[in-house]
Protein chains: 2
Amino acid sequence: MKKEFRSGCPISSTLDIVGDKWSLLIIRDMLLKHKKTFKDISDSDERIAPSILSARLKLLESYHLISKTKIPENKKENIYLLTQKGIRLTPIIIELSLWGDANMREFTKIDDIEGLNSDKATIIQSVQDSYNAMLLNFQ
Amino acid sequence: MKKEFRSGCPISSTLDIVGDKWSLLIIRDMLLKHKKTFKDISDSDERIAPSILSARLKLLESYHLISKTKIPENKKENIYLLTQKGIRLTPIIIELSLWGDANMREFTKIDDIEGLNSDKATIIQSVQDSYNAMLLNFQ
DNA sequence: ACTTTTGCTTTCAATTCGATAGCAAAAATA
DNA sequence: TATTTTTGCTATCGAATTGAAAGCAAAAGT
């Protein structure tokens, strides 16, 4: 696992972790769709290859953005959950969504997402609250 | 130039344009440091290779995030400027910066950036205002 | 007992990246 | 005017990364 950073710039360092083709889509699925297992995340519209998903989950775990556990009822399935550090990526995810919604329609069909017309701070808060509420089920 | 999008998700589509290793760093330099020429942007701390910078500028121009012009005083230099669509990426850049500043110090040395302790909306507005003011010099 | 599901790993070809060199036109300098 | 430097790239080519497909062992379901 490479842990090198291009510079001391916070933007650059953030991108060195989540600035690849897949990480933020994995986090989107966990955060907005409450996906928790390898299978759940594999089944996205964008079809991530298992080798890449496996590598990305390990990297995100190594940077404490997600945690990996099991539940007693199921010895096979791993449960991946966002940590608070991962949950704090919510504003980035929401801004990417808002920008795409407002600026990409001239180049490709963009799905209509409901709830994007509220105030930014409200959207972010409700996404985070909802994820945190779900987390309570996993002690 | 490939123009394929993985899905209709606005997050995914945004990442299909700026979700590579370099685009958002190029935009950071243009937006925050008011860099305008190939040379200016080449001289960043992260050392982007000219072949990659060339390819990325073309792609960003094709998606109308930047424009390419010349000034009458200099027949050689190209001037790259952010369009309003590009300037609207400011919230994403600021959120990446804030997240890195607050969450990456456990893994790497992060430069202290001044002005990050103001209110988010204020930071975003002042970055955009400053860039727009600079743009007035280029008709 | 068997079939299916899950969470991966392995393989390997294709694509992308990126360091270096090179180059023509323009600008700066002598 | 002649020469040097700068600028904005492009070309090359080895290295790294990606990704489609297959494989597999353990657990779960039937």
Side-chain angles (χ1 to χ4, degrees), chain A residues 1-7 12 15-26 29-30 33-63 66-81 138, chain B residues 1-7 12 15-26 29-30 33-63 66-81 138:
Chain A
M1 189 164 318
K2 198 192 307 171
K3 300 212 185 189
E4 280 179 80
F5 293 92
R6 284 174 284 181
S7 75
S12 163
L15 292 174
D16 283 336
I17 294 186
V18 297
D20 69 295
K21 201 172 167 185
W22 294 105
S23 292
L24 286 171
L25 293 186
I26 295 170
D29 285 352
M30 296 177 73
K33 302 178 189 168
H34 294 192
K35 291 189 178 184
K36 288 178 273 298
T37 64
F38 195 95
K39 176 78 178 346
D40 285 346
I41 303 169
S42 291
D43 288 345
S44 74
D45 287 346
E46 295 89 2
R47 320 294 255 92
I48 185 170
S51 52
I52 298 177
L53 178 55
S54 174
R56 280 289 130 191
L57 288 172
K58 281 185 179 120
L59 189 92
L60 295 174
E61 194 188 1
S62 83
Y63 285 111
I66 65 178
S67 66
K68 180 180 176 178
T69 43
K70 288 185 192 294
I71 49 169
E73 289 80 12
N74 190 318
K75 293 210 182 71
K76 176 68 179 162
E77 270 188 339
N78 291 311
I79 306 289
Y80 297 96
L81 297 171
F138 298 89
Chain B
M1 188 163 320
K2 197 192 309 173
K3 301 212 184 191
E4 279 181 81
F5 293 91
R6 284 174 284 180
S7 76
S12 163
L15 292 174
D16 283 336
I17 294 185
V18 297
D20 68 296
K21 202 173 165 183
W22 293 106
S23 292
L24 287 171
L25 293 187
I26 295 170
D29 284 352
M30 296 178 71
K33 303 178 190 170
H34 293 193
K35 291 188 179 183
K36 287 178 274 296
T37 65
F38 195 95
K39 177 81 178 346
D40 285 346
I41 303 169
S42 291
D43 288 344
S44 74
D45 287 345
E46 296 89 4
R47 319 297 256 94
I48 185 170
S51 52
I52 297 176
L53 179 55
S54 175
R56 279 289 131 191
L57 288 171
K58 281 184 178 119
L59 190 92
L60 294 174
E61 194 188 1
S62 83
Y63 284 111
I66 66 179
S67 67
K68 180 180 176 178
T69 44
K70 286 186 193 294
I71 50 171
E73 290 80 10
N74 191 318
K75 293 209 183 72
K76 178 65 179 163
E77 269 189 341
N78 291 312
I79 306 288
Y80 296 96
L81 297 171
F138 299 88

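Quick caveat, the model's predicted, so the values are computed rather than measured. Chain letters run A, B, ... following the sequence lines, proteins first and then strands; every chain starts at 1.
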Sugar-phosphate only, base, or nothing, as touched by A:S42 at under 4.0 Å among non-hydrogen atoms: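 The answer is nothing, as A:S42 stays clear of every strand by at least 4.0 Å.
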Sugar-phosphate, base or nothing in reach of B:K70, heavy atoms under 4.0 Å: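 The answer is nothing, as B:K70 stays clear of every strand by at least 4.0 Å.
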Check whether any side-chain nitrogen or oxygen of [X] sits under 4.0 Å from OP1 or OP2 of [N], and answer yes or no.
X: B:S54; N: D:dT10; answer: yes
X: B:K68; N: D:dC9; answer: yes
X: B:N74; N: C:dA26; answer: no
X: B:K58; N: D:dT10; answer: yes
X: B:K36; N: D:dG8; answer: no
X: B:N78; N: D:dT7; answer: no
X: B:K21; N: C:dG18; answer: yes
X: A:W22; N: D:dG19; answer: yes

Under 3.5 Å: donor-acceptor pair, side chain of B:S54, backbone of B:P50: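 Here the side-chain-to-backbone pair does not exist.
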B:I66 backbone acceptor or donor facing B:K68 side chain under 3.5 Å: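 No.
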Between [N] atom [atom2] and [X] atom [atom1], what is the distance in whole Å?
X: A:L59; N: D:dT18; atom1: CG; atom2: C1'; answer: 15 Å
X: B:I66; N: D:dG8; atom1: CD1; atom2: C1'; answer: 14 Å
X: B:K35; N: D:dT7; atom1: NZ; atom2: C1'; answer: 16 Å
X: B:I26; N: D:dC9; atom1: CD1; atom2: C1'; answer: 14 Å
X: A:D43; N: C:dC8; atom1: CG; atom2: C1'; answer: 15 Å
X: B:L53; N: C:dA19; atom1: CG; atom2: P; answer: 13 Å
X: B:K39; N: D:dT5; atom1: NZ; atom2: P; answer: 14 Å
X: A:I48; N: C:dT9; atom1: CD1; atom2: C1'; answer: 15 Å

5' precedence on DNA chain D between B:T37 and B:S51 (nearest-nucleotide basis):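 So the residue in question is B:T37.
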Whichever of A:E77 and A:A49 has its nearest DNA chain D nucleotide further upstream toward 5':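 Taking each residue's closest nucleotide, the earlier one in sequence belongs to A:A49.
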Electrostatic pair [X]-[Y], nearest N-O below 4.0 angstrom:
X: B:R6; Y: B:D16; result: yes
X: B:D20; Y: A:K21; result: no
X: A:D29; Y: A:K35; result: yes

Donor-acceptor pair (no angle test) under 3.5 Å: A:K76 side chain, C:dT6 base: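 By the distance-only test, yes, there is a pair.
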Side-chain H-bond candidate by donor/acceptor type, B:E77 with B:T37, under 3.5 Å: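 The criterion, which ignores hydrogens and geometry beyond distance, is not satisfied for B:T37 and B:E77.
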Nucleotide nearest A:P50 when distance is taken to its side chain, options C:dC17, C:dG7, D:dA21: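 Of the candidates, D:dA21 comes closest.
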